[in-house]
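In what follows, a structure is listed as structure tokens, so that the remarks can point back to it.
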Amino acid sequence: MSGEYAGSSSDPAYEAKVLMISVAARMAGMHPQTLRQYDRLGLVQAGRAAGGGRRYSVRDVVLLREVQRLSQDDGINLAGVKRIIGLERLLEEAQQRVARLEAELDAAYHRIAELEALARFPGRDLVPTNRTSTALVVWRPRRASDR
């Protein structure tokens, strides 16, 4: 199996830890001992098979290639690579959270628009109020006899 993986990061097969260390090492262009070292350092953490053997995912292979690029091409030591990977992971989680919150906000705006469309006087039911005020306003319609 050579070349880039055609699937996406949302594909469950991308995350499945099914590749034996020899296969993952070949795909990443590394020696299996390098993968063991990276696992011990916490750079790329392998899953474990029932017999205790390491298992990697396609995502892990992509990460292994990134570790190799950062350390060999950019000259960053492994501690720096670990920090970069951790920060990238945090950034990805934050971006996913922002996307979820934006979707929730869009849904809330959509629901407000739906409710306003159903109201007798759209937009007039939602009036900003001063929350510190304790005043009570009583409104009574005028009777024809009061005019």
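Not measured: the values here are computed from a predicted model. Heavy-atom basis, side chains included; hydrogens, waters and symmetry copies ignored.
- Annotation: the span from E93 atom CD to Q96 atom CD amounts to 7.0 Å, rounded to 0.5 Å.
- Heavy-atom minimum distance, R36 versus Y56: N-OH, 4.4 Å.
- Evaluation of the salt bridge (charged side-chain N to carboxylate O under 4.0 Å, His left out) rule for E114 yields R111 as partners, not counting sequence neighbours.
- Annotation: salt bridge (charged side-chain N to carboxylate O under 4.0 Å, His left out) contacts of R54 (sequence neighbours excluded): D39.
- Contacts of D73 classified as side chain to side chain donor-acceptor pair (under 3.5 Å), with partners at least two apart in sequence or in another chain: none.
- Taking the side chain to side chain contact (heavy atoms under 4.5 Å, CB included) definition, one finds that E102 meets it with V98, sequence neighbours left out.
- Between the CD1 atom in I21 and the NE2 atom in H31 there is a gap of 9.5 Å [rounded to 0.5 Å].
- Residues forming a side chain to side chain contact (heavy atoms under 4.5 Å, CB included) with L91 (at least two apart in sequence, or on another chain): Q95.
- Residues satisfying the salt bridge (charged side-chain N to carboxylate O under 4.0 Å, His left out) criterion with R100, sequence neighbours excluded, are absent altogether.
- Through direct or indirect side-chain contacts shorter than 4.5 Å among Ile, Leu, Val, Met, Phe, Trp and Tyr, Y109 is connected to L105.
- Of all the heavy atoms in A28 and V61, the pair that sits closest is N-CG1, 4.0 Å.
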What do the steps show when you test H110 against D106 for side-chain contact (heavy atoms from CB on, under 4.5 Å), and what is the final call?
CA-CA 6 Å; H110 182 71; D106 287 345; over 6 Å; no

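- Listed here is the closest heavy atom pair of A24 and L35: CB-CD2, 3.8 Å.
- Within the structure, the salt bridge (Lys or Arg N to Asp or Glu O under 4.0 Å) test picks out the following pairs touching residues 74-90 (sequence neighbours left out): R69-D74.
- In this structure the side chain of Y38 reaches within 4.5 angstrom of the side chain of L78, judged on heavy atoms.
- R55 and K17 get closest at one heavy-atom pair: CB-O, 3.4 Å.
- Minimum interatomic distance between V81 and S71 (heavy atoms only, all atoms of both residues): CG2-N, 4.2 Å.
- Summarising the hydrophobic clusters (Ile, Leu, Val, Met, Phe, Trp, Tyr; side-chain heavy atoms under 4.5 Å, direct or chained), the residues clustered with L115 are none.
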Using a 3.5 Å cut-off and no angle test, enumerate the donor-acceptor pairs between side-chain atoms of residues 40-50 and protein atoms at least two apart in sequence or in another chain.
unit_1, atom_1, unit_2, atom_2, d
R48, NH1, G52, O, 2.9

